[in-house]
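First up is the structure itself, then whatever we jot down about it.
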There are 2 protein chains.
Amino acid sequence: MQPRPRTIPEATVARLAVYLRVLATLADGGRSTVSSGELASAAGVNPAGLRKDLSHLGPCGVRGVGYDVDLLRDRLTRVLGVGRSRACVLVGIGNLGSALADYAGFGTRGFEFVGLFDASPARIGQRIGNLQVRGLDELEDVVAATGASIGVITTPAEVAQGICDRLAAAGVGSILNFAPVTLAAPAGVDVRKVDLSVELQVLAFLGQQRVPAEVGESA
Amino acid sequence: MQPRPRTIPEATVARLAVYLRVLATLADGGRSTVSSGELASAAGVNPAGLRKDLSHLGPCGVRGVGYDVDLLRDRLTRVLGVGRSRACVLVGIGNLGSALADYAGFGTRGFEFVGLFDASPARIGQRIGNLQVRGLDELEDVVAATGASIGVITTPAEVAQGICDRLAAAGVGSILNFAPVTLAAPAGVDVRKVDLSVELQVLAFLGQQRVPAEVGESA
DNA sequence: AGCCGCTTGTGAACGCAGGAACAAAGTCCG
DNA sequence: CGGACTTTGTTCCTGCGTTCACAAGCGGCT
């Protein structure tokens, strides 16, 4: 049997990652226990929802007291698989790619870039952090040698699909796409998309809805 | 008074922005009409869902033929409010902030940065694109002078809440937060969060879940 | 030892998004 | 001019996520 059903909703997983970060802050502050209400308000969610999210891991709190910070952190770390370091490759070393390659937040959370790739000869050989930018022709070799399981795409939209195909064929099972296109990937490969201009447009729409006086559509 | 009900689901708005981009590509390719199926597959969604999304704008297709590309583009542009340019300020000119300030995709979609701010004296005065980085003390003045309605936060987590408060107090109604914290904002201010390490952690979790399943199946 | 208050964990209802199927409408062809 | 095909717009339904509300359990106090 499966005492913990392996099916944790995706939305819940995203929140678990947030809880984990809040817990780290609390631990730094010297706290040893937290209540669901406190944790929920720090994470910006409903207390009942938080408890339900946590219930997917089995009981891990003490009634009448709350959650043990260290214990819960351990549990979340193990469930999310942050314990072992994961090898990532990054394709497209433009402004955004360089920023991501240099972003310290990844290394401390179990993600390590093992390869940076770009098509432009001008960028090949450039050093970012402790890595050198390689040519695209080395992509498959590096993925095979390092066993990288995650690929990050920060290329122009036109070539993103081609890179996606090559990553998938090379055995990369998870792709994070920043290019403003919808990628098609074979079954068994997860693709997540972060589209910055869509975020801004949604924000603009909500703001426009809130201030209809500024629109002046009927005039 | 409301031929179009003002309540368009947020998830739909995000997809409308995607459709708009796909339509731009199609228009560049010379296409004049598209069917819902074609548009849906290009956007990576279900055809029925796409039609439902578009139905929020009222009937804008021709039965038996499809959608007129230019007309639909016009309609979407007007609903999303991409027509007029929106003034944005960006706070925190680190690697990520610099990348965003230099990202061409925003300017072509109706978003214009009118102020870049950083706390570090080393960065103040630096030029990015056609803007100069200013000190944080000028933040309120610039927001007031330009009427900026959107603020983007790419600061370290520790100072993000303070910046959020100052932006909200200055009259910025929409905030896009890249800092790895959950921000609290007064009512009437929309906050959207883009958390890169959460995206990676979700991806890692999905991949981790997939691998043991594959092992069990192939054995 | 017993009671009380606090907090977790779970069960149920509500609302929402997503998907499939169907009727209306317009066009193309004979 | 009429029929048939294509495609939209809508309606229904199913499933998921979220929220509310309550019972169970644990620690502290008397």
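Lettering follows sequence order; numbering is per chain, from 1.
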Self-check item: Short side-chain N/O contact to D:dG9 OP1/OP2 from B:Ser55, under 4.0 Å
Solution: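 No, B:Ser55 has no side-chain N/O under 4.0 Å of OP1/OP2 on D:dG9.
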Exercise. Answer yes or no: does a side-chain N or O of B:Tyr67 lie under 4.0 Å from OP1 or OP2 of D:dG9?
Key: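 So the side-chain polar atoms of B:Tyr67 do come within 4.0 Å of the phosphate oxygens OP1 or OP2 of D:dG9, strictly under.
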Side chain of [X], heavy atoms from C-beta onward: which of [options] has the nearest atom to it?
{"X": "B:Lys52", "options": "D:dC20, C:dG19, D:dC26", "value": "C:dG19"}
{"X": "A:Arg63", "options": "D:dA24, D:dT7, C:dT10", "value": "D:dA24"}
{"X": "B:Ser35", "options": "C:dT10, D:dT18, D:dT8", "value": "D:dT8"}
{"X": "A:Arg51", "options": "D:dT19, C:dG9, D:dG9", "value": "C:dG9"}

d([atom1], [X]; [atom2], [N]) in whole Å:
{"X": "B:Tyr19", "N": "D:dT8", "atom1": "OH", "atom2": "P", "result": "13 Å"}
{"X": "B:Leu72", "N": "D:dT7", "atom1": "CG", "atom2": "C1'", "result": "15 Å"}
{"X": "B:Asn46", "N": "D:dT7", "atom1": "CG", "atom2": "P", "result": "16 Å"}
{"X": "A:Leu50", "N": "D:dC20", "atom1": "CG", "atom2": "C1'", "result": "16 Å"}
{"X": "B:Asp68", "N": "C:dT27", "atom1": "CG", "atom2": "P", "result": "13 Å"}
{"X": "B:Glu10", "N": "C:dC16", "atom1": "CD", "atom2": "C1'", "result": "13 Å"}
{"X": "B:Asp53", "N": "D:dT10", "atom1": "CG", "atom2": "P", "result": "13 Å"}
{"X": "B:Leu39", "N": "D:dT6", "atom1": "CG", "atom2": "C1'", "result": "17 Å"}

Self-check item: Residue from A:Leu176, A:Val191, A:Asn177, A:Val181 passing side-chain contact (heavy atoms from CB on, under 4.5 Å) with A:Ile153
Solution: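 Looking at A:Leu176, A:Val191, A:Asn177, A:Val181, the match for A:Ile153 under the side-chain contact (heavy atoms from CB on, under 4.5 Å) is A:Asn177.
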Quiz item: Any luck finding a side-chain donor-acceptor pair between B:Asp190 and B:Ser174 under 3.5 Å?
Solution: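 Per modelled atom types, B:Asp190 and B:Ser174 side chains form no pair under 3.5 Å.
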Quiz item: Would a distance-only check, ignoring hydrogens and angles, find a side-chain to backbone donor-acceptor pair under 3.5 Å from A:Thr154 to A:Val91?
Solution: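 Here the side-chain-to-backbone pair exists.
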Quiz item: When the nearest nucleotide of DNA chain C is assigned to B:Gly64 and to B:Thr12 on a heavy-atom basis, which residue is associated with the more 5' position?
Solution: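 Of the two residues, B:Thr12 wins.
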Quiz prompt | Spatial distance of atom CZ (A:Arg166) from atom CG (A:Leu136) [nearest 0.5 Å] | solution =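 A:Arg166 CZ to A:Leu136 CG: 5.5 Å, rounded to 0.5 Å.
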Practice problem: Could you check whether A:Ala48 gets within reach of a base, just the sugar-phosphate, or nothing at all, counting any heavy atom under 4.0 Å? | Solution: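 Base, at least one base heavy atom under 4.0 Å.
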Practice problem: Looking at every strand, decide which applies to B:Gly49 at a 4.0 Å heavy-atom threshold: base, sugar-phosphate, or nothing. | Solution: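 Counting heavy atoms under 4.0 Å across all strands, no contact is made by B:Gly49.
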Self-check item: Position toward the 5' end of DNA chain D (nearest nucleotide), B:Gly61 or A:Val65
Solution: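 It is B:Gly61, whose closest nucleotide lies nearer the 5' terminus.
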Quiz item: Is the closest side-chain heavy-atom distance between B:Val22 and B:Val34 below 4.5 Å?
Solution: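 Counting from C-beta outward, B:Val22 and B:Val34 never come under 4.5 Å.
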